[in-house]
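This report refers to the structure that appears directly beneath it.
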Amino acid sequence: MTHVQDGLHYTSTHEWIRIDPKNIAYIGITDHAQNLLGDMVLVDLPEIGAFLDSGDECAVVESVKAASDVFTPLTGEVLAHNEQLQQNPGILNQDPYGDGWLFQIRIDDVKELENLLDAESYQNLLEDTE
Amino acid sequence: MPVLGMIGTGLDNARQGSNMAHQTPLYQEHLISGAKMTDFQNWSLPLNFGSQIDEHNAVRTQAGIFDVSHMLITDISGAQTKAFLQFLLANNIDKLTQAGKALYTVMLNDAGGIIDDLIVYFLAEGQYRIISNAGTRMRVTQWLEQHAQKFDCTCQIREDLALIAVQGPQTTSIVCDVLQSTQANHCLQQLKPFHTCTLDTWCIAATGYTGEAGFEIMLPATDAVSFWRNCCTAGAMPCGLGARDTLRLEAGLCLYGHEMNEETSPLISGLGWTVAFEPSSRDFIGKAALLADQNPSQKLVGLVMTDRGVMRPQMSLYTAPNNTSELAGSITSGGFSPSLECSIALARIQTQSPEYLFIQLRQGWVKVKVTPPAFFRRGKALIDVGRN
């Protein structure tokens, strides 16, 4: 059973969201997602300054098995992206919730947070499928 | 990101219809190790034990150990075994001039298509052994039985044996360490490629599917678990099918069902070298069909892509970066090469091939370099990746 981290929000498409007090969110992919994909070999991240609408395809993670799209769960401007993943995509496998964060986004619409799952709901979703 | 429909590496195969996949003698051992298991040709096998890239790199630099007991081991014996195999196989086992030698060959149907690729071992006078693929088990067994009837010989499937591969530069020292026997040391330390050592009920062959030095060990199933454990303790890293596939792709070794099948002749599968047309007096199944096709219109090549991305099986290749240009061929096996840190592939293309071909990835058209179909062996790159 893969690990679901407490204190984060989740989507049904296996992204996690960490809300920084300053209305900024970190986005990444869950342990379930990295486990399904296997060893990562390439990561394409959104450009800093890019403006994203919630639901937009904004990143690609490619593993030994397949490429997979990442969708932003929130609307806002990309403030940062995790450059070390370009050199070392394996970090996504080793530490998906920590050093494996993909990008940082400014939260433009706090109401969108209501659409997100909490850890327990995401855990239940996984139990139904794993 | 969506839950994936995998493009796959060719390793994700649907079950054949039986209600439970076969298990090797090491199945429980793999579960205890926490291996990520997968179904391969109706066998439950480890895909990886953690990171397949780490496993791949371990084989290239030290040693890895693979459970390949899903493969079919058939012993053939009797007065006319040699004649039978000389008729059955495209390569000529007469090349096995003494016991203790092995030969890689394809086995053809009457149309010259490949039923399987396999290694045949000359164990002793009148005694040979064939190791063939799990996926072709039924077809190969039926084919052998059908043709063996015409010769004074019998075929016996060795379900009492397990097959374990140890591959990488440290293999000899690890296996000698484990076996702790003067006889084993003496035999293994001077064992040449494609030669075998028989030690009581074990047969150790200097063969493999990784492009590194190593052994494939045929041993009683009852010895498998302890041998596996001892090799791991001695420094061999457990490796699964994921690493097996990236290693063999880098080495340019064909995978049945990808580079070849019953519809492809060895001449368009990069396996023409395994066919022994000489001596011309030897007849073998498929010979006539191959002789009639001495100018094949296709060939197998390697591809290297230095741009970001990964080439995958069945992707199409074009002579220019647009769909209206000529379709040159398609990829038979593709993936990411951990040793070269870029994507590599094997492809079947038209015989007239330019230096570069074009493929469509998500970012658009990408140029790929055509190379000989082998990329990395014995710790060394065989091609110039050409990055600055």
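The model shown is predicted, which means the values in this text are computed figures rather than measured ones.
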Check each atom of A:Gln94 against the heavy atoms of chain B and say whether the ones under 4.5 Å are side chain, backbone, both or neither.
-> neither
Heavy-atom pair with the smallest gap, counting every atom of A:Asp39 and B:Ser51 = OD2-OG, 3.0 Å
More than 12 non-hydrogen atoms from neighbouring residues, nucleotides or ligands closer than 6.0 Å to CD on B:Gln363, yes or no?
-> yes
Listed partners of B:Phe358 passing ring-ring contact (aromatic ring centres under 6.0 Å, His included), at least two apart | none
Counting only heavy atoms closer than 4.5 Å, note whether A:Ser63 contacts chain B via side chain, backbone, both or neither.
-> backbone
pair B:Gln52-A:Lys65: side-chain heavy atoms closer than 4.5 Å = no
When you measure from the side chain of B:Lys36 to the backbone N and O of A:Gly38, does any donor-acceptor pair fall under 3.5 Å?
-> no
Applying salt bridge (Lys or Arg N to Asp or Glu O under 4.0 Å) to B:Arg244 and not counting sequence neighbours gives none
Tell me, yes or no, whether the heavy-atom count around A:Asp6 atom CG, taken from other residues, nucleotides or ligands under 6.0 Å, exceeds 12.
-> no
From B:Ile53 atom CD1 to A:Asn93 atom CG, the distance as rounded to the nearest 0.5 Å | 7.5 Å
Do B:Arg362 and A:Glu62 sit within salt-bridge range, that is, some charged N less than 4.0 Å from a carboxylate O?
-> no
Just checking heavy atoms, which of residues 40-53 of chain A are less than 4.5 Å from chain B?
-> A:Met40, A:Val41, A:Leu42, A:Val43, A:Asp44
Near A:Gln84 CD, under 6.0 Å, is it more than 12 heavy atoms from other residues, nucleotides or ligands?
-> yes
B:Glu250: partners by salt bridge (Lys or Arg N to Asp or Glu O under 4.0 Å), with sequence neighbours left out = B:Arg60
